[in-house]
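First the proteins, then the strands, lettered A, B, ... as listed; each starts at 1.
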2 protein chains.
Amino acid sequence: MSAAILSVGDELMLGQTQDTNAKWLASRFAQHGVLVGEIRIVLDDVVATESAIRELAARYDIIVMTGGLGPTEDDLTREALRRAMDVSEPLEVDPQALADLDRWFLDRGRPMTVNNKVQALRPKGASCLKNVLGTAPGLFANIGAARIWCLPGPPREMEPMFDAQVAVHLPTVAMSTAAVHSFGQGESFLAQQLGSLMLRDRNPLIGTTASGSIVSARIRGVQDAAKAESMERAMQEIEKLWAPYAYGRDQETLAGALGKLLISRSERLSLAESCTGGLAGSLVTAQSGSSEWFAGGAITYANGAKMDLLHVPHDLLSQHGAVSAPVALAMARGCAALLKTEWAASITGIAGPNGGSESKPVGEVFIGICGPRFEAVRRFHYPGDRASIRDRSAKTALALVRFAILGQDAFAAPFIWEWSK
Amino acid sequence: MSAAILSVGDELMLGQTQDTNAKWLASRFAQHGVLVGEIRIVLDDVVATESAIRELAARYDIIVMTGGLGPTEDDLTREALRRAMDVSEPLEVDPQALADLDRWFLDRGRPMTVNNKVQALRPKGASCLKNVLGTAPGLFANIGAARIWCLPGPPREMEPMFDAQVAVHLPTVAMSTAAVHSFGQGESFLAQQLGSLMLRDRNPLIGTTASGSIVSARIRGVQDAAKAESMERAMQEIEKLWAPYAYGRDQETLAGALGKLLISRSERLSLAESCTGGLAGSLVTAQSGSSEWFAGGAITYANGAKMDLLHVPHDLLSQHGAVSAPVALAMARGCAALLKTEWAASITGIAGPNGGSESKPVGEVFIGICGPRFEAVRRFHYPGDRASIRDRSAKTALALVRFAILGQDAFAAPFIWEWSK
């Protein structure tokens, strides 16, 4: 079975938006053992879209297309599909799709616009696919031997529609994939640790990827009982080689892994954030059930807030500055006391692009950790822009609490960023 | 001038890596007034790559290709280009490229491997492009009327090579693009407001996109003095039609727009977050310079934190529950007092997937706003998963402060989500 992916949208061709749908779909196809042969992206242009559909339909068994199903003038997938199907009649209303649209607006107490009605149209001979999360139904059609599914562009509508309505037509002999995630070391160092595990003729096959300073080992193999065991063995081996940096598998997050540890000890965490301004708390509370182990935190962006909320002494701030080890420690202590938690972490630094100086450059961040019989402050110097400095700061704070609980002297380990005691 | 982008790599087709090069290149082309007609991604396969080069060369004036120039077995761009050029002789060594490679390894005191020597090969009739940041030289060739540049895959090598060696061949008459962003209404409603502005034969051309509940109008036109004026006129027209939901242009964010308003009034904001757990603060502090208008906030995830930090009365919590209008109001008031700010917003709700009940379902969120001579609490019921409920809650809190400052009765406007007084 051969497959291609077609994405439609001016915003993708103008470089305004990243086409994340194609990547997601390619990964889903891979899980079903189908290697995508081609990904194409075209403009919101009916001729370009029609010709791409025709060419791909002549070459591939399956085409999944996303975008261009919205209610507006520049949503041209319905019309392009009609032309590629050589249907001469104009688009026709799908009664079920129209009824579903009516109900959608009725349920929400909103009037349906004329534009929205357009979404119930389809070429003669095509069928509509139910979309329970949005107003745009999908489309399915045969062109020659090829089967074509058109799905809406928004990922939260597209993804469940693919899983429920397209994936069922893919082979069930599945390729299984798994991942082990780590934080705190660079990709080349971690790849070196894996050694011969990364050889290209192995099954399961293991590779590494890095994203947002999380380095993951990705494992894939053809699935059968024997292979399932070797997948498990490979994961355990990676976790051993990557200790203490490996924190979880598959969908697990750094915050989730920390939460598990805290729950097992019936302890709770609080956070005092300056330059991250709530980002660490946001990572924690993105986890459902985090109320079990997270009490809350203080976003103390201004110096006044550091004094008023966390009782950081004024003298400390004027003597050392807000971005300093003593202030980080006082923030963590104040936070643990304020929120009555066993553990607290604090983050204060210069995220840039402004506010740096020779003695305190952009990227300098102090992270304080305060726990039962344990206190520490570490200084980091992160490269990159404001977003990446903030992201790494927030994740490092969570990682350091995890290391402290594990009793790992990970401060002494060769951390990927500079620090000093 | 027409252009296409071709990316090569198995990792892109397995969904393991996002093709960020194509987006970057598309955006660069757009800046030069060249609209990319097609983006294609193919496997590390010499036949597939050759045929993609042939097809694109027959249709476009310029093709920029990335990837497949490394030193290993699966780097096949050199060979694919030779075939597409109909060159029968084997690849030949480029003396200058080989000398550059020699120097690269000499400078680093490392021996050059046999593999690396392969990188100095090129098809007869093609030329090599200098790469000062890596070992892979680029390639340039003519196929018929088309010009083809092959650049290495790593962005930090590819990007400067494009700017120095490809962009100089692009027109200096630029296409200009712009965007107007809005929050608080659905895409179909907003598109309807635009009416004839969205016709596909207009110049500048206007389309809408939605991402993370931000709906944007994207505008593009060929740039000259007259058109620059019509771009500006189009943006102003959109902003008028989308008032009060339109908050900014181009790179501007909702938080940034709110910040501008607050700075102009010398007022500051603080945030009290329960279910968003720091996400709203994180959106605010993602803005450089937000310390001018943002004091900080309280992440009061646990009830204890609501009482300890924000002095929410225990009675209120036990009588109405943490997710209620009275508690939201008390949180906002407590926050403004604690952080001594003119404005405060509070967020308390059920982000799910657990914790919902019949009377307080998942997605129910109360947002409180407290400002000079102004107080309000609104109840929202958001659809979607935990991430999207949290995202909309955080953005709504910022939007409601903005509406309140503007004196817009946007509470009474047909907000996209349910609410009641």
Side-chain angles (χ1 to χ4, degrees), chain A residues 10-11 13-18 20 23-24 26-27 30 35-44 48 70-74 113 115-116 135 154 156 209 218 277-282 284-286 288-289 291 294-302 304-305 308-309 338-340 353-354 386-387, chain B residues 13-18 20 23-24 26-27 30 35-43 177 187-189 191-192 198-200 207-210 218 220 277-282 284-286 288-289 291 294-302 304-305 308-309 338-340 353-354 384 386-388:
Chain A
D10 283 2
E11 70 282 9
M13 306 300 274
L14 287 163
Q16 294 173 322
T17 303
Q18 180 78 57
T20 55
K23 175 179 185 283
W24 186 90
S27 144
L35 183 61
V36 173
E38 187 173 335
I39 295 171
R40 261 197 221 195
I41 313 178
V42 295
L43 289 165
D44 288 315
T72 69
E73 291 286 333
D74 59 357
T113 67
N115 276 346
N116 283 111
T135 58
R156 59 173 280 284
T209 54
R218 305 211 170 266
L279 181 58
S282 176
V284 164
T285 56
S288 172
S291 54
F294 179 65
I299 303 176
T300 54
Y301 211 56
D308 293 344
L309 270 75
L338 179 69
L339 283 141
K340 303 176 183 126
N354 308 312
R386 183 176 180 87
Chain B
M13 305 302 272
L14 286 163
Q16 293 173 323
T17 304
Q18 180 77 57
T20 55
K23 175 179 185 284
W24 187 88
S27 146
L35 182 61
V36 173
E38 186 173 334
I39 294 170
R40 263 198 219 193
I41 313 178
V42 295
L43 289 165
T177 63
E187 185 178 8
S188 56
F189 173 87
Q192 205 170 20
M198 282 188 72
L199 292 177
R200 302 307 292 159
T208 60
T209 54
R218 305 208 171 269
R220 65 185 158 93
L279 181 59
S282 175
V284 164
T285 56
S288 173
S291 54
F294 180 64
I299 303 176
T300 55
Y301 211 57
D308 293 344
L309 271 75
L338 179 69
L339 284 141
K340 303 175 183 124
N354 308 313
R386 183 176 180 87
S388 93

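Contacts with chain B were tallied for Ala298(A), Ser288(A), Gly296(A); Ser288(A) has the most, counting heavy-atom pairs under 4.5 Å. Considering only heavy-atom pairs separated by less than 4.5 Å from chain A, the leading option among Gly384(B), Ala295(B), Pro353(B), Ala302(B) is Ala295(B). Most heavy-atom pairs under 4.5 Å with chain B: of the set Ala305(A), Gly297(A), Pro154(A), this distinction falls to Gly297(A). The choice from Ser388(B), Ala286(B), Gly304(B), Gly289(B) that makes the most heavy-atom pairs within less than 4.5 Å of chain A is Ala286(B). Options Thr135(A), Val42(A), Leu35(A) differ in how many heavy-atom pairs under 4.5 Å they form with chain B, and the most are formed by Leu35(A). Among Val284(A), Val36(A), Thr113(A), Ile39(A), the residue with the largest count of heavy-atom pairs under 4.5 Å with chain B is Ile39(A).
In terms of modelled atom types and a separation under 3.5 Å, the side chain of Arg40(B) and the main chain of Glu38(A) share no donor-acceptor contact.
Of all non-hydrogen atoms in Met13(B) and Ala26(A), the two that sit nearest each other are O-CB, 3.3 Å. Taking every heavy atom of both residues into account, Gly278(A) and Ser282(B) meet most closely at C-CB, 4.0 Å. Contact detail for Arg220(B) and Leu14(A): the closest heavy-atom pair is CD-CD1, 3.4 Å. Closest heavy-atom contact between Gly281(A) and Ile299(B): CA-CD1, 4.2 Å. When every heavy atom of Gly277(B) is checked against every heavy atom of Thr285(A), the shortest pair comes out as CA-OG1, 3.4 Å. Of all non-hydrogen atoms in Tyr301(A) and Phe294(B), the two that sit nearest each other are CD2-O, 3.8 Å.
Heavy atoms closer than 4.5 Å to chain B are found in both the backbone and the side chain of Leu338(A). For Leu339(B), the part lying under 4.5 angstrom from a heavy atom of chain A is the side chain only. Within the 4.5 angstrom heavy-atom criterion, atoms from both the backbone and the side chain of Thr20(A) approach chain B. With a 4.5 angstrom heavy-atom cutoff, Ser188(B) touches chain A via backbone and side-chain atoms both. When heavy atoms are compared at a cutoff of 4.5 Å, Ala387(A) does not approach chain B at all. Leu309(A) touches chain B through its side chain: at least one heavy atom from C-beta onward sits under 4.5 Å away, while N, CA, C and O do not.
Ion pairing between Arg218(B) and Asp10(A) fails under the 4.0 Å rule for side-chain N and carboxylate O.
Of the inter-residue distances, the one linking Thr17(A) atom OG1 with Lys23(B) atom NZ reads 7.0 Å to the nearest 0.5 angstrom.
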